[in-house]
Amino acid sequence: MEAIHHTLNKSMFLSFIYVDFIHVRVKIWNVLLRHNLTIKISWIVNGNFNMISSWNEKQGGNFHDDGSMVDFNNYITQSGLYDISLIGVGPTINKGSKGSTRN
């Protein structure tokens, strides 16, 4: 989706992503990487990749390292995107302890 900043009168491209299955993650990353080659304006990618970029984003549960976090960070670097972590928001994954809720 293309949007225009009202005050600056500047265009930007917005993408909203939701990845629900691990096996489609790389396919979506590859589509975004190809799309990145065609975009000549500012680009904001927002969504739920069902992936963390650091252990600080996870609370509770097992800390199983299957290499996917490294893959995700490589994707972020290859695409030229920056992780602009939200201020004031706790871990994006909260599971594993009885009575806990997901953020």
Side-chain angles (χ1 to χ4, degrees):
M1 168 180 15
E2 187 174 350
I4 299 176
H5 188 284
H6 177 69
T7 306
L8 299 176
N9 196 29
K10 185 173 182 178
S11 293
M12 66 187 77
F13 196 83
L14 307 171
S15 296
F16 301 95
I17 307 300
Y18 176 74
V19 179
D20 58 350
F21 296 107
I22 293 172
H23 65 275
V24 298
R25 183 178 296 144
V26 174
K27 290 178 184 179
I28 291 174
W29 292 348
N30 287 333
V31 168
L32 292 172
L33 286 170
R34 283 192 307 272
H35 191 59
N36 185 39
L37 297 174
T38 64
I39 296 175
K40 304 300 181 206
I41 59 177
S42 298
W43 185 23
I44 297 174
V45 178
N46 183 22
N48 183 349
F49 286 87
N50 275 312
M51 178 59 49
I52 58 174
S53 61
S54 83
W55 289 116
N56 294 333
E57 297 177 11
K58 185 177 186 317
Q59 179 180 350
N62 295 326
F63 282 84
H64 174 72
D65 184 5
D66 63 358
S68 57
M69 186 168 55
V70 171
D71 291 341
F72 186 48
N73 284 312
N74 285 338
Y75 158 72
I76 291 170
T77 301
Q78 288 173 358
S79 64
L81 296 171
Y82 298 96
D83 183 356
I84 54 171
S85 300
L86 297 176
I87 297 171
V89 175
T92 58
I93 297 176
N94 180 354
K95 61 181 177 180
S97 58
K98 192 172 189 171
S100 67
T101 59
R102 294 186 104 176
N103 292 334

Q. Do you know the tightest heavy-atom contact between Ile76 and Ser53?
A. CD1-CB, 4.4 Å
Q.
Could you walk me through whether Gln78 and Trp29 satisfy the side chain to side chain contact (heavy atoms under 4.5 Å, CB included) test, starting with their C-alpha distance in whole Å, then the side-chain angles of each, then the deciding distance to 0.1 Å, before giving a yes or no?
A. CA-CA 10 Å; Gln78 288 173 358; Trp29 292 348; over 6 Å; no
(Q) If you count every heavy atom of other residues, nucleotides or ligands that lies below 6.0 Å from Tyr82 atom OH, does the total exceed 12? (A)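 At most 12 heavy atoms, drawn from other residues, nucleotides or ligands, come within 6.0 Å of this atom.
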Q. What distance separates Ser15 OG from Asn36 CG, expressed to the nearest 0.5 Å?
A. 9.5 Å
Q. Can you tell me how far the CG atom of Asn30 sits from the OG atom of Ser79, to the nearest 0.5 Å?
A.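 Between atom CG of Asn30 and atom OG of Ser79 there are 11.5 Å.
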Q | Shared hydrophobic cluster, Val45 / Ile41 (ILVMFWY, side-chain heavy atoms < 4.5 Å) | A | yes
Q.
Assigning hydrophobic clusters by single linkage (Ile, Leu, Val, Met, Phe, Trp, Tyr; side-chain heavy-atom cutoff under 4.5 Å), is Leu81 placed with Val70?
A.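 No; tracing contacts between hydrophobic side chains, which count when under 4.5 Å, never links both residues.
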Q. Is a side-chain N or O of Asn73 found less than 3.5 angstrom from the main chain of Met69, in a donor-acceptor match?
A. yes
Q: Spell out, as yes or no, whether a donor-acceptor pair under 3.5 Å connects the side chain of Arg25 to the backbone of Asn50.
A: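 Yes; at least one donor-acceptor contact below 3.5 Å.
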Q: Please work out whether the ring planes of Phe49 and Tyr75 are parallel, tilted or perpendicular, with thresholds of 30° and 60°.
A: tilted
Q | Among Leu32, Asn46, Val31, Asn48, side-chain contact (heavy atoms from CB on, under 4.5 Å) partner for Ile17 | A |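 By the side-chain contact (heavy atoms from CB on, under 4.5 Å) criterion, Ile17 pairs with just one of Leu32, Asn46, Val31, Asn48: Leu32.
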